[in-house]
Amino acid sequence: MNHPAGTGAGPGPRRSHWLSRRAGVRARLTVVAAVVAAVTVVVAGFVLVLLLGRSLDAAADTAATQRTHEVAGILARQGPAGVQRVLAGAAAGESAITQVVGSGGRVLASSPQIAGEGPLADLRAAAGETRRERVDTLPVGDGTGYLVVSMGVGVDGGVDQVVVAQSLTATTSSVRSVVSLLLVGLPLLALAAGLAAYVFVGRALRPVEAMRRQVSEITATDLAMRVQVPVAGDEVHHLARTMNEMLARLQAAQEGQRRFVADASHELRSPLATVKANLQLTGARPDPDTWPEARATMLDETERLERIVSDLLLLASADDGSSDGPWEDVDLEELVFEEVEHLRRSTALDVRATVAPVRCRGNRHQLSQILRNVADNAGGHARTRVDISLSRAADVAVLDVSDDGPGIAAQDRARVFERFERLDAGRGRDSGGAGLGLAIVRDLVRAHSGNVELGESSSGGARFRVTLPAQP
């Protein structure tokens with residue numbers, strides 16, 4: 001039956017996921033260390049056994065070949081009788097046995113331990129030639145493997161064979177001993193590697209566990225705590241620093257949110273209190289003489305509430321990256337002309353504009369809000385004149401709005417873009433507003449990948465410069 005991919009039909013992924021779920025980092029690294037150690041020992045042991053076997057086989061071949069040449073030399077000089085005398089005087093317990101077999105297949109001389117036996121092997125070599133083969137057993141001997149070397153020696157018109165059988169008992173025994181040691185040492189070494197990894201990984205993860213305990217004590221109401229940073233400049237050190245930086249950002253965001261809620265509550269409380277007071281004064285049967293003034297006051301405060309709520313919603317949409325309309329190609333010069341006409345209609349100021357055609361991609365309503373807030377701020381602080389300039393520099397649209405008002409001190413220029421921030425000169429309700437206009441400008445400009453900065457105009461007033469990516 002075919003199983004679709006990703007259904008978990010095979011056991012492999014299930015086992016790996018089970019290990020990841022059930023075992024911690026320390027246990028997984030311990031298992032990995034033990035497995036790596038075992039595999040390393042197996043590979044190294046295999047290579048060792050292979051090299052040891054080849055080395056011992058080469059030594060046995062060298063010994064047998066050397067013995068064959070010695071006996072062949074004696075056979076050539078002294079004949080079979082001389083070979084027999086040498087073999088009879090050989091030391092007992094030699095690992096090699098020797099025969100001299102005539103050209104007719106008759107044994108002419110042999111080692112004492114195989115006296116009277118037939119030929120050891122049917123291995124015939126020409127005169128001066130050496131042949132060899134490995135056999136598991138011989139008709140004589142201890143039943144173990146032998147390396148048989150045969151050399152042909154020309155004697156009296158015939159070719160006698162000098163046969164030397166070198167026992168491989170020592171080679172087999174040595175290889176078996178090494179294999180036995182590896183089989184015994186493999187589990188011990190894997191266990192030792194696993195225990196060492198368990199101990200060292202535990203020590204390495206001790207700072208991480210300490211950080212986990214410290215972070216578990218940090219609550220949403222108290223983000224002032226920080227984790228301890230290890231002295232060593234390793235990955236755990238960088239993790240602790242990154243975590244502290246994250247906590248600092250969360251704390252700053254939380255404090256900013258608290259200030260924002262407090263400031264918004266304060267701004268909303270004032271108009272609500274005014275409306276409530278006027279409703280209480282007028283009562284169920286308002287005085288015809290005081291009612292028009294009270295009604296006008298409540299309408300003004302209601303409009304102020306509406307502006308504050310609209311600004312708060314606009315800031316919220318800028319914070320989460322949402323917008324109240326699609327993005328499109330917008331001709332900024334049209335929006336600038338609209339704001340110039342708005343200022344000329346709503347104020348008695350001398351509004352001058354220098355506008356070049358520039359197109360920008362963005363949300364039309366938000367771009368219009370940027371221009372409206374900057375222009376209204378300039379119009380609210382200018383004495384007699386407002387200058388608006390729109391130009392293009394490379395791939396950037398540059399909007400400058402300047403006034404001839406009192407200006408803003410250099411140390412206060414960053415503050416004006418904070419939410420609910422009003423400088424002393426603008427704290428009055430009539431001119432200061434709620435302190436959200438320039439904060440909206442900053443957030444909406446950032447949402448359009450632009451930048452806004454505050455400087456000084458040529459007349460000593462304020463100059464706001466907004467830069468936005470321009471379309472080709």
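Just the heavy atoms: all of them, side chains too, but no hydrogens, waters or symmetry mates, feed the values below. In this chain, residues are counted from 1 in sequence order.
Atom CZ of Arg442 sits about 11.5 Å away from atom CG of Asn451, to the nearest 0.5 Å. With values rounded to the nearest 0.5 angstrom, Glu235 atom CD is found 10.0 Å from Leu239 atom CG. Summarising the geometry, atom CD belonging to Glu339 is positioned 7.0 Å from atom CG belonging to Asp376; distances are rounded to the nearest 0.5 Å. Between the CG atom of Asp443 and the CD1 atom of Ile440 there is a distance of 8.5 Å, given to the nearest 0.5 Å. Separation of atoms CE (Met211) and OG (Ser216) is listed at 12.5 Å; rounding is to 0.5 Å. Rounding to the nearest 0.5 Å places CZ of Arg465 at 12.0 Å from CG of Leu454.
With salt bridges taken as basic N to acidic carboxylate O contacts below 4.0 Å, none links Glu209 and Arg206. For Glu333 and Arg392, the salt-bridge test fails: no basic side-chain N is under 4.0 Å from an acidic carboxylate O.
Remark: side-chain polar atoms of Asn244 are paired, donor with acceptor, to backbone N or O of Val227 under 3.5 angstrom. Remark: side-chain polar atoms of Ser457 are paired, donor with acceptor, to backbone N or O of Asp403 under 3.5 angstrom. Looking only at distances, no side-chain donor or acceptor of Ser55 sits under 3.5 Å from a matching main-chain atom of Leu51. Ser368 places no side-chain N or O within 3.5 Å of a backbone atom of Arg364 that could act as its donor or acceptor partner.
Within a 6.0 Å sphere centred on CD of Glu245, heavy atoms belonging to other residues, nucleotides or ligands number more than 12. Within 6.0 Å of atom CZ in Arg241, 12 or fewer heavy atoms from other residues, nucleotides or ligands are found, so the atom counts as exposed in its surroundings. In the displayed structure, Asp329 atom CG is contacted under 6.0 Å by more than 12 heavy atoms of other residues, nucleotides or ligands.
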Could you go through the side-chain contact (heavy atoms from CB on, under 4.5 Å) check for Arg132 and Gln166 one step at a time?
-> CA-CA 11 Å; Arg132 52 179 57 78; Gln166 179 69 40; over 6 Å; no
Report the C-alpha separation of His69 and Thr65 in whole Å, then their side-chain angles, then the decisive distance to 0.1 Å, and conclude whether the side-chain contact (heavy atoms from CB on, under 4.5 Å) test is met.
-> CA-CA 6 Å; His69 282 83; Thr65 303; 3.5 Å; yes
What's the verdict on side-chain contact (heavy atoms from CB on, under 4.5 Å) for Leu343 and Ile388, showing C-alpha distance, side-chain angles and the deciding distance?
-> CA-CA 11 Å; Leu343 275 180; Ile388 300 178; 4.3 Å; yes
Might you work through the side-chain contact (heavy atoms from CB on, under 4.5 Å) test for Arg67 and Val149, ending with a clear yes or no?
-> CA-CA 9 Å; Arg67 180 67 171 172; Val149 178; over 6 Å; no
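No side-chain heavy atom of Thr30 sits under 4.5 Å from any side-chain heavy atom of Val201. Inter-residue side-chain proximity for Ser174 and Leu56 is flagged as met; some heavy-atom pair is nearer than 4.5 Å. In this structure, Leu444 and Asn373 have side chains that are not in contact, with every pair of non-hydrogen atoms separated by 4.5 Å or more. In this structure, the side chains of Ile408 and His381 stay at 4.5 Å or more apart for every pair of heavy atoms. In this structure, Thr384 and Asp404 have side chains that are in contact, with non-hydrogen atoms separated by less than 4.5 Å. Residues Asp387 and Asp400 fail the side-chain proximity criterion, which asks for heavy atoms closer than 4.5 Å. Residues Leu390 and Val355 are in side-chain contact: their nearest non-hydrogen atoms beyond the backbone lie under 4.5 Å apart. With contacts defined as side-chain heavy-atom distances shorter than 4.5 Å, the pair His448/Asn363 qualifies.
In terms of heavy-atom proximity, Ala37 sits nearest to Ala190 at CB-CA, 4.4 Å. For Gly53 against Val175, the heavy-atom pair with the smallest separation is CA-CG2, 4.1 Å. Nearest heavy-atom pair across Cys360 and Pro469 is SG-O, 3.2 Å. Contact detail for Gly362 and Val330: the closest heavy-atom pair is O-CG2, 3.9 Å. Heavy atoms only, all atoms of each residue included: Val340 and Ala353 are closest at CG2-CB, 3.8 Å. For Ser402 against Arg463, the heavy-atom pair with the smallest separation is OG-CG, 3.0 Å.
Among the candidates Asn377, Leu371, Val452, the single residue satisfying the side-chain contact (heavy atoms from CB on, under 4.5 Å) test with Val441 is Val452.
Ring orientation note: the planes of Phe464 and Phe417 are nearly perpendicular, at an angle over 60° on the 30°/60° scale.
Not counting sequence neighbours, the partners of Met225 by the side chain to side chain contact (heavy atoms under 4.5 Å, CB included) test are Glu217, Ile218, Asp222.
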